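Everything quoted here is computed from the prediction, not taken from an experiment.
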Amino acid sequence: MAAMFMCCLGCCGDGASGHIPLKEMPTVQLDTHHMGTDVVIVKSGRRICGTGACLANAPLHQNKSYFEFKIQSTGVWEVGVGTEKANLNQVPLGRDIHSLVLRHDGSVYHNNEEKNRLPANSLPQEGDVVGLTYDHVELNLYLNGKNMQCPASGIRGTVFPVVYVDDSAILDCQFSEFYHTPPQGFEKILFEQQIF
């Protein structure tokens, strides 16, 4: 019994030995290693401006992910999901199998095919928040918290949130602390270590 007590004190008695410090989980943000050549990322990886696209730094591994984009300044923009093979300098996204995006004109594109379209009276404007849910099959769109009933599917493989800006568009990305409550069952993007 005394040996067990001494072992316990020896392992954790002074706090210096035997303890592994907890690592702080990384923050989901725009990834400056996966962005177009003329993209500018500011506000701690949450705001995109310039010209081109950028992926987030965390893939959508969990079953049901939710994230948002707030339109700070209108112009040409696209939001959605893309693989690491997406051409982040290509205008527009959605031309190939590597991205599935909502475009500023309300169309939803994947593999150069219009998959769906927002209702004509629901085009996002400056100050609006576009929410996206993704469940590994279907992308759904929300405008200021309201479901737009505009599902789209078709993209395969590991995907990341993707955003494209041009023509003076500025978008802010919300990967947590959302403007609107995520739909039931959906949550912020988790890094793979947080899932298990």
Side-chain angles (χ1 to χ4, degrees), residues 25-60 65-96 98-110 112 114-118 122-134 139-146 148 150 152 155 158-180 182 188-191:
M25 290 306 296
T27 302
V28 179
Q29 60 190 33
L30 294 174
D31 188 351
T32 56
H33 294 98
H34 291 98
M35 66 182 202
T37 54
D38 295 322
V39 171
V40 178
I41 304 296
V42 294
K43 288 199 156 208
S44 300
R46 288 188 41 237
R47 176 170 286 178
I48 182 171
C49 47
T51 299
C54 187
L55 296 175
N57 64 345
L60 304 180
S65 304
Y66 178 78
F67 50 101
E68 296 175 333
F69 296 95
K70 183 171 185 178
I71 303 165
Q72 296 293 355
S73 180
T74 57
V76 174
W77 55 264
E78 300 165 359
V79 296
V81 293
T83 70
E84 287 186 304
K85 293 182 179 180
N87 183 342
L88 302 177
N89 291 303
Q90 179 180 357
V91 178
L93 292 174
R95 288 176 138 176
D96 58 26
H98 302 296
S99 58
L100 170 61
V101 294
L102 167 67
R103 295 178 177 170
H104 69 281
D105 65 0
S107 61
V108 181
Y109 265 82
H110 171 67
N112 214 27
E114 186 172 309
K115 295 291 194 171
N116 214 329
R117 179 172 280 281
L118 292 177
S122 298
L123 293 181
Q125 304 296 320
E126 190 169 305
D128 285 344
V129 175
V130 177
L132 297 95
T133 60
Y134 185 70
L139 181 76
N140 278 286
L141 305 166
Y142 296 77
L143 183 59
N144 298 319
K146 181 182 176 194
M148 291 288 95
C150 189
I155 194 163
T158 301
V159 298
F160 299 74
V162 66
V163 57
Y164 175 88
V165 292
D166 196 8
D167 195 28
S168 301
I170 300 171
L171 272 67
D172 282 355
C173 310
Q174 287 298 127
F175 300 115
S176 63
E177 300 173 18
F178 301 116
Y179 293 100
H180 301 281
K188 69 180 182 176
I189 299 165
L190 301 174
F191 280 93

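Of the possible donor and acceptor atoms, none in the side chain of N112 sits under 3.5 Å from a partner among the backbone N and O of D96. A donor-acceptor pair under 3.5 Å is absent between the side-chain atoms of H34 and the main chain of C54, judged by distance alone.
Applying the salt bridge (Lys or Arg N to Asp or Glu O under 4.0 Å) test to pairs two or more places apart or on separate chains, those with a residue in residues 40-55 are R47-D172.
Distance check: E126 CD to D128 CG gives 9.5 Å after rounding to the nearest 0.5 Å. Note that OH of Y109 and NZ of K115 are 11.5 Å apart. Values are rounded to the nearest 0.5 Å. For the atom pair CG (L30) and OG1 (T32), the distance works out to 9.5 Å, reported to the nearest 0.5 Å. Here CG of N116 is found 8.0 Å from CG of L141. Values are rounded to the nearest 0.5 Å. One finds the CG atom of D38 at 12.0 Å from the CG atom of L88 (value rounded to the nearest 0.5 Å). In this structure, CG in L102 is found 4.5 Å from CH2 in W77, a value given to the nearest 0.5 Å.
Counting only heavy atoms from C-beta outward, the side chains of T51 and Y164 approach each other to under 4.5 Å. Looking at L60 and I189, their side chains come closer than 4.5 Å, going by heavy atoms from C-beta outward. Contact annotation: the side chain of N57 never approaches that of F160 to less than 4.5 Å [non-hydrogen atoms, C-beta and beyond]. Counting heavy atoms from C-beta on, the side chains of V165 and S73 never come closer than 4.5 Å. Between Q125 and I71, every side-chain heavy-atom pair lies at or beyond the 4.5 Å cut-off. Contact check for K70 versus Y179: side-chain heavy atoms found under the 4.5 Å cut-off. Between L118 and L143, every side-chain heavy-atom pair lies at or beyond the 4.5 Å cut-off.
In plain terms, the two heavy atoms of F67 and P161 that are nearest each other are CE1-CB, 3.6 Å. Between Y142 and T133 the shortest heavy-atom distance is CE1-CG2, 3.6 Å. Across every non-hydrogen atom of V39 and G52, the tightest pair is CG2-C, 3.4 Å. A pairwise comparison of heavy atoms in R103 and P92 identifies NH2-CG, 3.2 Å as the closest pair. Annotation for A53 and I48: closest pair C-CD1, 4.5 Å, computed over non-hydrogen atoms. The two residues G94 and S99 come nearest to each other via the heavy atoms N-OG, 2.7 Å.
Ring-plane geometry between F69 and F175 is classed as perpendicular, the angle between the planes exceeding 60 degrees on a 0 to 90 degree scale with a lower cut at 30.
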- After noting the C-alpha distance and the side-chain angles of D105 and L123, does the key distance pass the side-chain contact (heavy atoms from CB on, under 4.5 Å) rule? CA-CA 7 Å; D105 65 0; L123 293 181; 5.7 Å; no

- Kindly indicate, with the supporting measurements, whether the criterion side-chain contact (heavy atoms from CB on, under 4.5 Å) is fulfilled by V108 and V101. CA-CA 5 Å; V108 181; V101 294; over 6 Å; no

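Partner of M35 under the side chain to side chain contact (heavy atoms under 4.5 Å, CB included) criterion, chosen from I41, V163, L55: I41.
Not counting sequence neighbours, the partners of C49 by the side-chain contact (heavy atoms from CB on, under 4.5 Å) test are V40, I170.
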